[in-house]
2 protein chains.
Amino acid sequence: MPQKSSFSDASRTDVPGPSTAELPAAAPGLRERRRRQTRAEISQAALRLFQEYGVDATTVDGIANAAGISQRTFFRYFTSKEEAALPAHQDFDAALEIGLLAIDPSGSPREELERVYQQVMQGYADNDAPQARSMLLVNQLIRKEPLLRAALLKHNATRTTGLVDALMDRFGRDGVSDLQIRLAFETCAAVVRVAFEVWVTRREAGRNDNLPDIYASARELAH
Amino acid sequence: MPQKSSFSDASRTDVPGPSTAELPAAAPGLRERRRRQTRAEISQAALRLFQEYGVDATTVDGIANAAGISQRTFFRYFTSKEEAALPAHQDFDAALEIGLLAIDPSGSPREELERVYQQVMQGYADNDAPQARSMLLVNQLIRKEPLLRAALLKHNATRTTGLVDALMDRFGRDGVSDLQIRLAFETCAAVVRVAFEVWVTRREAGRNDNLPDIYASARELAH
DNA sequence: TGCCATTATGGCAGATACTGCCACATTGGC
DNA sequence: GCCAATGTGGCAGTATCTGCCATAATGGCA
């Protein structure tokens, strides 16, 4: 997989097995729908077991069994058991990539990125909406599980390189150094990460702050 | 391991096995010295093999064999083969923790952190000094090896939680929100990460920029 | 110096994660 | 309704990592 630096394929699943992408976003198709369904079921099973028994004590066999598939099939959908716990983040990433497509190359990288992130965050404004709920749930789990935290970091790192390359292409090299691009992306990502963490922390403490607001004040604080 | 949020033990090795810490920093002791020696030898062997055959193709057995120890003993020194490639970063972290001890709780978290980082970076100012050389070497390897990149992220993530907690204790909660602390740390760390990356990239491109300068300009760009 | 508690090491078994390969079932298009 | 493409399961094999026990080296102390 040469992976020619681009974030245009918002529906790629990173799964080696089936579904070799033929614009499934436009026409989901029956096979693709079944696939997503199975994927979702596996994730549900994984999250349930992780919550109940902890990540360490949960085996891939257990997840596969709970999801009604074989272990072999599990690994055709996810590369590791930790990955199965991150569907919410993959949705987030998909939204992010779509937003990045509409970026203005003549603007400041930092400002453009912040705008896109803020826009994506709006999808999580309502703490009771399903999207926000599942994101909160996973993040609560991540808070307690170092293995999941590491998996998320790894997931982000894998994506970061691709996104940075794509951003570099998009902004061109005219007057915008690689340092500047990397810096813009990493600092924005850091603010976002903190916003998520604080969101979850406060939610667990009973407060009902919403994500966009937290992000806004975090961005403020970061200057 | 309760790990009561504190970065005072600069010599902890995170190894389950031997050396249950008895102020080895003050009095290295013969046993401790041997231990460090073995540790260094394992790392050397690991790095050599990683460079020659790649991380994937290198097995723990291979490393242990090259280092003249058993596989079982390897896992008493490192939790994974990837960890064995990060001694330079552990040195960096140790220096960082020492610096954090001298932090001024009445100052701005952001400024204090930046000061400490800058100070630690000074130790890598000379690109030909052994410290900088080994750091560069490892980072070049990390650039090409996703597995090592992931391991570093994981390593940092593990440390971050502890450091943030310690910083929170140090700055107290008086007027300094958790958001502010987390934010300061994450953004500083992001700038540092980028500085390292750019350092290595430019070095590979033949340029001889030194780390402190790159960090300074990165910090500048990040406002 | 010699004894003893501590600690370091090695070997072994076992659990789990992950991959390649092959056979078989299912599916969607013609 | 046939055929190629695709999804699934089983199996074997490798690698990572851990617990347990026996043994050897070490350092302190009488």
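Every chain is numbered from 1, with letters handed out A, B, ... down the list of sequences.
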Subject >> Candidates C:dT9, D:dG10, D:dT16 - which lies nearest the side chain of B:Val60 >> reply: D:dT16

Subject >> B:Ser70 vs C:dG10: side-chain N/O to OP1/OP2 distance below 4.0 Å >> reply: yes

**OP:** For the pair B:Arg193 and B:Glu197, evaluate salt bridge (charged side-chain N to carboxylate O under 4.0 Å, His left out) and give the outcome as yes or no after the intermediate values.
**Re:** CA-CA 6 Å; B:Arg193 221 177 311 132; B:Glu197 201 163 329; over 6 Å; no

**OP:** Look at the side chain of A:Arg207 and the backbone N and O of A:Thr201, then say whether any donor-acceptor pair between them is shorter than 3.5 Å.
**Re:** no

**OP:** Please determine, for the side chain of A:Ser80, which listed nucleotide (C:dT9, C:dC18, D:dG9) has the closest atom?
**Re:** C:dC18

Subject >> Short side-chain to backbone donor-acceptor contact, B:Asp128 and B:Arg133, under 3.5 Å >> reply: no

**OP:** Return the set of residues passing salt bridge (charged side-chain N to carboxylate O under 4.0 Å, His left out) with B:Glu41 (not counting sequence neighbours), or none when no residue passes.
**Re:** none

Original post:
B:Tyr124 and ring-ring contact (aromatic ring centres under 6.0 Å, His included): which partner among B:Phe92, B:Tyr117, B:Tyr215?
Top reply: B:Phe92

Original post:
For DNA chain C, whose closest nucleotide is more 5', that of A:Gln71 or that of B:Thr38?
Top reply: B:Thr38

Might you list the N or O atoms of the protein lying below 3.5 Å from N or O atoms in nucleotides 22-26 of chain D, with each pair's distance?
from	atom 1	to	atom 2	distance (Å)
D:dT26	O2	B:Arg31	NH2	3.4

Subject >> Which nucleotide in C:dG10, C:dT9, D:dG10 has an atom nearest any side-chain atom of A:Arg72 >> reply: D:dG10

Original post:
To the nearest 0.5 Å, how far apart are CG in A:Leu86 and CG in A:Asn139?
Top reply: 9.0 Å

**OP:** May I ask you to say whether B:Glu82 pairs ionically with B:Lys154, meaning some side-chain N is under 4.0 Å from a carboxylate O?
**Re:** no

Subject >> Spacing of B:Asn65 atom CG relative to C:dT9 atom C1', expressed in whole Å >> reply: 16 Å

**OP:** For DNA chain D, determine which residues of residues 40-59 of chain B have any heavy atom closer than 4.0 angstrom to one of its atoms, and list them numerically.
**Re:** B:Thr58, B:Thr59

Subject >> Lys/Arg N to Asp/Glu carboxylate O, A:Glu97 vs A:Arg159, below 4.0 Å >> reply: yes

